[in-house]
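First up is the structure itself, then whatever we jot down about it.
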Amino acid sequence: MTAVQNPGKSYYVSTPIYYVNDRPHLGHAYTTVAGDVLTRWHRQRGERVWYLTGTDEHGQKIMRTAEANGVSPQEWCDKLVEEAWKPLWEHLEIANDDFIRTTEDRHTARVQEFVQDLYDKGEIYQGGYEGPYCVGCEEYKAPGELLDGEGEFAGQKICAIHKKPVEMLKEENYFFKLSEYGPKLLELYAANPDFIQPESARNEVVRFVEQGLQDLSISRSTFDWGVQIPWDPKHVIYVWVDALLNYATAVGYGSDQEKFESTFPADVHLVGKDILRFHAVIWPAMLMANGLPLPKRVVANGWLMVGGEKMSKSNLTGIAPQDLTEHFGVDAYRYYFLRAIPFGTDGSFSWEDFSARYTSELANDFGNLASRVAAMVGKYFDGVLPEAKASGPAEEALAAGLAKAVAESDDKIGEKLDFAGGIAAIFEFVKQVNGYLTEQEPWKVAKDESPEGQARLATILYAAAESLRGVAVLLNAVMPRVSGLLWDSLGAEPVLGALADQRIGEAGTWGTLPAGVTVTKGEILFPRLEEKK
RNA sequence: GGCGGCGUAGCUCAGCUGGUCAGAGCGGGGAUCUCAUAAGUCCCAGGUCGGAGGUUCGAGUCCUCCCGCCGCCA
């Protein structure tokens, strides 16, 4: 990690600028939840944070989809954004600071300025182009990467990704001198090995750039759903150039310099593997061309495999996030994908695995722990958390376990974006607390009515409750609602303040939860799942 | 067609530069506590490490070929 150069700068994370051609699916939600956990974590470190998401609404594909549905492109986007995208993020408790739409004036005006700047600097020139074009990909294809059509498309060339016929297009286009940035990009990758993650993705990008870059066609004149080229309004700006700029326009580029300087560039651009190249090649080249600072990291997450069926932009499965949250709940949903699949690698998901982890990890290990501790404080101390006056080695071991969980999860979640590893560290501690209770047997100690026995009982239950306090703080970023329930159950808020305000750095400070708080049993954290389905 | 990568216990996966590397979690089986969401804790896995050769004193761990997946490129 490099030292912070601008102390007042926000930790800035973006989701991909999602193409709003259709409703969001599991893959979109996976990336967005990851970014939400990452930013919530950094907020709990006490940092200034900016979490951006938004939608890419231009391009031929959207135009045609809208046409097919008998509405204007803008109406189509409005409907999807308002009825599907924004509601899903609310549903999943995504705490984004902004939601930018590329059809908004604050974006389009700045995009024109940016492109005009490049034009004025000689980074853009006019040229002609003719070739096979895939509407699905929104890009020209090299003849060699096309497949021969079969069945209804027999005799035609089809796109290898979309399996649909390509069209021969001829355009007078404007080109960005991307080819000149190959060496600089390779230098960037070499000087910053972490710029692209994971490593497998990085290697592919490096190899791609090493083979030599072509100049990028950045205008289209065959349709008009886009941002006009300022000096030649017959053209609209290539949708990806338009879209990528959201990461700058949304944080004040060209309009609010103070905001821009305190936010830009991004610390982390989260992307799917399919759009990695746009973010790791074109985007930094665009910024270099206009003398703007480059993002710190572009991190690609892997594919989710469902029952062996891979999901992708062009192969949507029928699974909506709501199909899962309905059964498992939002908190468990947020937890599951990050816990079960190492971030950055492809991973398979199944209903059965989700169900198994829910029952074993969330309900039995974690939820039940909270339940048994609250029940005992209620039963033996009338719900008033007693003081720990007889601590010993067992309690020291617990405190050390919590400190370790804090350190490990902070490094893994907050720095390495290893959500699975970080969550595992927290749950190892949960397991340790269960083991502690089994060894200490407070239910037996409770029968010893001597002062020593009662002091020991008080100490055990205090230690268990204090452990849960730490767990609530650490899990808040991942499962805000349930962690809040636990926080309430511990009676912590009146004395310690809101859960979201608890600092990660202090989460391991043993003895933070003061004796005397009112512990209540409260709502079951993770109810057992219904047998159905 | 060229180049990554993958194929390890029922399931999901760890196994860096070759010699406790045959593992973890879950499921399953057994024991045990009883505070708790019939939850907790402890014990039990003998799987030809995709297949066939080869290098080596010794190979999931290196080489060759083959089979099956996946990605990038052409």
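Proteins come first, then strands; the chains are lettered A, B, ... in the order of their sequence lines, and each starts at number 1.
- Among the atoms of the strands shown, only primed sugar atoms or phosphate atoms (P, OP1, OP2) are found under 4.0 Å from some heavy atom of S360(A).
- Rounded to an integer number of Å, the gap from L362(A) CG to A39(B) C1' is 14 Å.
- Across all strands, D353(A) comes closer than 4.0 Å to no nucleic acid atom at all (heavy-atom distances).
- Dashed line: the shortest gap from a side-chain N or O of K521(A) to OP1 or OP2 of U37(B) is under 4.0 Å.
- Distance, E361(A) CD to U12(B) P: 16 Å, rounded to whole Å.
- Here the nucleotide nearest the side chain of R207(A), chosen from G27(B), C3(B), C35(B), is C3(B).
- Heavy atoms of F526(A) sit under 4.0 angstrom from at least one base atom.
- Residue contacts shown for A375(A) are limited to sugar-phosphate atoms, with no base heavy atom under 4.0 Å away.
- Between F176(A) and Y181(A), a ring centre-to-centre spacing shorter than 6.0 Å is recorded.
- Ranking G71(B), U37(B), U34(B) by closeness to the R528(A) side chain, first place goes to U37(B).
- With a glycosidic angle no further than 90° from 0, G4(B) counts as syn.
- Side chain of W443(A), nearest nucleotide from U34(B), A36(B), U41(B): U34(B).
- Applying the side chain to side chain contact (heavy atoms under 4.5 Å, CB included) test between V433(A) and each of L369(A), L402(A), V373(A) identifies L369(A) as the sole match.
- Separating the CD atom of Q440(A) from the C1' atom of U41(B) is a distance of 13 Å, rounded to the nearest angstrom.
- Here, G47(B) and G23(B) have their C1' atoms 11 Å apart, quoted to the whole Å.
- As a whole-Å value, the separation of F349(A) CZ from C26(B) P is 20 Å.
- Rounded to whole angstrom, the span from the CD atom of Q214(A) across to the P atom of A74(B) amounts to 9 Å.
- Ring orientation note: the planes of F343(A) and F419(A) are nearly perpendicular, at an angle over 60° on the 30°/60° scale.
- Going from atom CD of E199(A) over to atom P of G71(B) covers 20 Å, rounded to whole Å.
- Distances shorter than 4.0 Å separate none of the side-chain N or O atoms of K431(A) from OP1 or OP2 on G40(B).
- Between U37(B), A36(B), C35(B), one nucleotide has an atom nearer to the side chain of N368(A) than all others, and that is A36(B).
- Note on E439(A): nothing from the nucleic acid sits closer than 4.0 angstrom, heavy atoms only.
- Atoms CD and CG, on Q197(A) and L276(A) in that order, are 11.0 Å from each other to the nearest 0.5 Å.
- Among the heavy atoms of the strands lying under 4.0 Å from L525(A) is at least one base atom, whether or not backbone atoms are also near.
- Between F328(A) and F354(A), the ring planes lie parallel to each other; the angle is under 30°, not in the 30° to 60° tilted range.
- For E441(A), counting side-chain heavy atoms from C-beta on, the closest listed nucleotide (C33(B), U41(B), U37(B)) is C33(B).
- Among the nucleotides U37(B), C33(B), G40(B), the one closest to the side chain of D365(A) is G40(B).
- Across all strands shown, N364(A) has heavy atoms under 4.0 Å from sugar-phosphate atoms exclusively, and none from any base.
- Nucleotides G71(B) and U61(B) place their P atoms 26 Å apart, quoted to the nearest Å.
- Within the structure, every side-chain polar atom (N or O) of R372(A) is placed at least 4.0 Å from both OP1 and OP2 of U37(B).
- Taking atom CG of N203(A) as the reference point, atom P of C3(B) lies 16 Å away to the nearest angstrom.
- One atom, NZ of K379(A), and another, P of A36(B), lie 5 Å apart when rounded to the nearest Å.
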